[in-house]
Amino acid sequence: MDTTPNKPSKNKFQRPRGTYDILPKDFKYFDKILTVCQKQAHFYGFKRIETPIFENIDIFNRGVGEATDIVEKQMFILKNGAQGLALRPEATASIVRAYIENGMTNLSRPVKLWAFGPFFRHEKPQAGRFRQFWQIDFETIGRNSPVIDAQIIQFFFSLLTRLGLKKLVVGLNSIGCAKCHSRYLKILKLFLRSRQTNLCPNCKRRLKTNPLRILDCKKEKCQEIVATAPQILDSLCKKCRANFKEVLELLDSLNIPYRLDPFLVRGLDYYNRTVFEIFLDQEKDGQKSQIALVGGGRYDNLISALGGIPTPACGGAAGVERIINVLKEQEIVPPEEKKPNVFLAQLGETAKPRALNLFEEFRKANILIAEDFSRDSLKAQLGRADRLGIKYVLILGQKEVIENQIILRNMETKEQKTLKLDQIIKEIKKILNK
Ligand code: HAM
């Protein structure tokens, strides 16, 4: 996967900035991740859902939040008669829309849904940050127990471990309920106002629109201020504190390594109570790695915000490119697809249709077989089989078709023998011990 920024090229047409082509050599990573997800989803009882790639923009305005970076700056809004539509920047709001619209409220709870697909954010392209990226998203809708929060974290931790990733750590915080939230906002605003001259211009503006987002700011000066800011955990009400304590106890009992991150608030407005991210616990050039592989949390108010009956929910999403990067860094290479051991060569006009037919018979018998039917020369076909490293070549000519025969050539010993055409699948099965 060539994710490096586009270089100047003579070619007029290049991929858009912040995007990449998934080349055949990289599909083994995508396939591996999808296969592990499918197994893990099945075991945990999640059902797959896919929503459209674009949605009514209000779903994200209301769901993700109008004063978030994602909605304010990063949404791809569609033009040309499609006003009011945007490419989806994330999955949760769309899944909730689909949950309400398709009457899933009537299903027995919890409703567990998962999705795997591309998402779009107009971000500044950099390592691990693309404008089109893939996410695996898991949502549990309908229960407010802390067990669900712990289980979602356990789910992602187990998924990444199953993929072979090591040195994972969960960053964790609770942002409380609406009451804790407003109490904290007052305290935070007071603190930030007294330091506003040192905030970046964006955060000065956020102080009025959405002060919590200042805690996410990556600017050094703002981070220095945030480091000494009051912590939301100190503003939690009794219920939220007990709830968070239970999540932590459950994670302790699951032996999932976590660190409390008092300033983790996540960049989306729909969260309440538990929020988390999963990182690689590693240092590069003396700096702790801060690239999150997974992000998520509880969102008990999103379903009602999008017009459904109030329903608690919790979920998370993992970034596929970021997982692939770590797989590559940690030299975890998924196995290559199985290669064929047999090649079918054909010679002459009568042999061609019979060869096409025979190829399909091999497919039905579940035996991998390679071919190069567009070539007529036997030498060229044998050359291709050789390059593919295939041991057995079947040669079907006009004469063989008429006499119900086929030639089997061993490419290593160069030995050839003639076999019955209508028995060839059986013979090959014997040879390959199938
Ligand atoms: P998020 O933290 O915005 O959360 O994204 C989740 C993950 O997607 C990140 O941890 C990261 O791995 C990946 N990701 C995000 N943006 C990019 C990007 N521009 N390029 C590459 N990877 C990226 C959400 O999207 C929430 N919907 C998660 C959630 C589900 N919360 C509850 N349920």
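Just follow the structure's listing: the first ligand is 1, and inside any ligand the first atom is 1. What you are looking at is a predicted structure, and each value in this text was computed from that prediction instead of being measured.
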Relative to the heavy atoms of Y271, which atoms of ligand 1 are at a distance of less than 4.0 Å?
26 (C), 28 (C), 29 (C), 31 (N), 32 (C)
F133 N/O under 3.5 Å from ligand 1 N/O:
no
Would you say the ring centroid of F155 lies under 6.0 angstrom from that of F46?
yes
Near E90 (heavy-atom distance under 4.0 Å), the atoms of ligand 1 are 25 (O), 26 (C), 27 (N)
Sub-6.0 Å ring centroid separation between F359 and F362:
no
Using a strict 4.0 Å cut-off to heavy atoms of E139, name the atoms of ligand 1 that fall inside it.
30 (C), 32 (C), 33 (N)
Applying a 4.0 Å heavy-atom criterion (strictly less than), which segment of E277 is in contact with ligand 1: side chain, backbone, both, or neither?
neither
If the cut-off is 4.0 Å to any non-hydrogen atom of Q135, which atoms of ligand 1 fall inside it?
5 (O), 6 (C), 7 (C), 8 (O), 24 (C), 25 (O)
Hey, looking at atom 21 (C) of ligand 1, which of G128, A127, G319, S94 has the closest heavy atom?
G128
Short N or O distance, A292 and ligand 1, threshold 3.5 Å exclusive
yes
Please work out whether any backbone atom (N, CA, C, O) or any side-chain heavy atom from C-beta onward of I291 is under 4.0 Å from ligand 1, and answer side chain, backbone, both or neither.
neither
Ligand-residue contact atoms, ligand 1 with Y270, heavy atoms, under 4.0 Å
26 (C), 27 (N), 29 (C), 31 (N)
Salt bridge (charged side-chain N to carboxylate O under 4.0 Å, His left out) with E90: which residues, sequence neighbours excluded?
none
Check: of G315, G18, G295, A318, min heavy-atom distance to atom 32 (C) of ligand 1 comes from G315
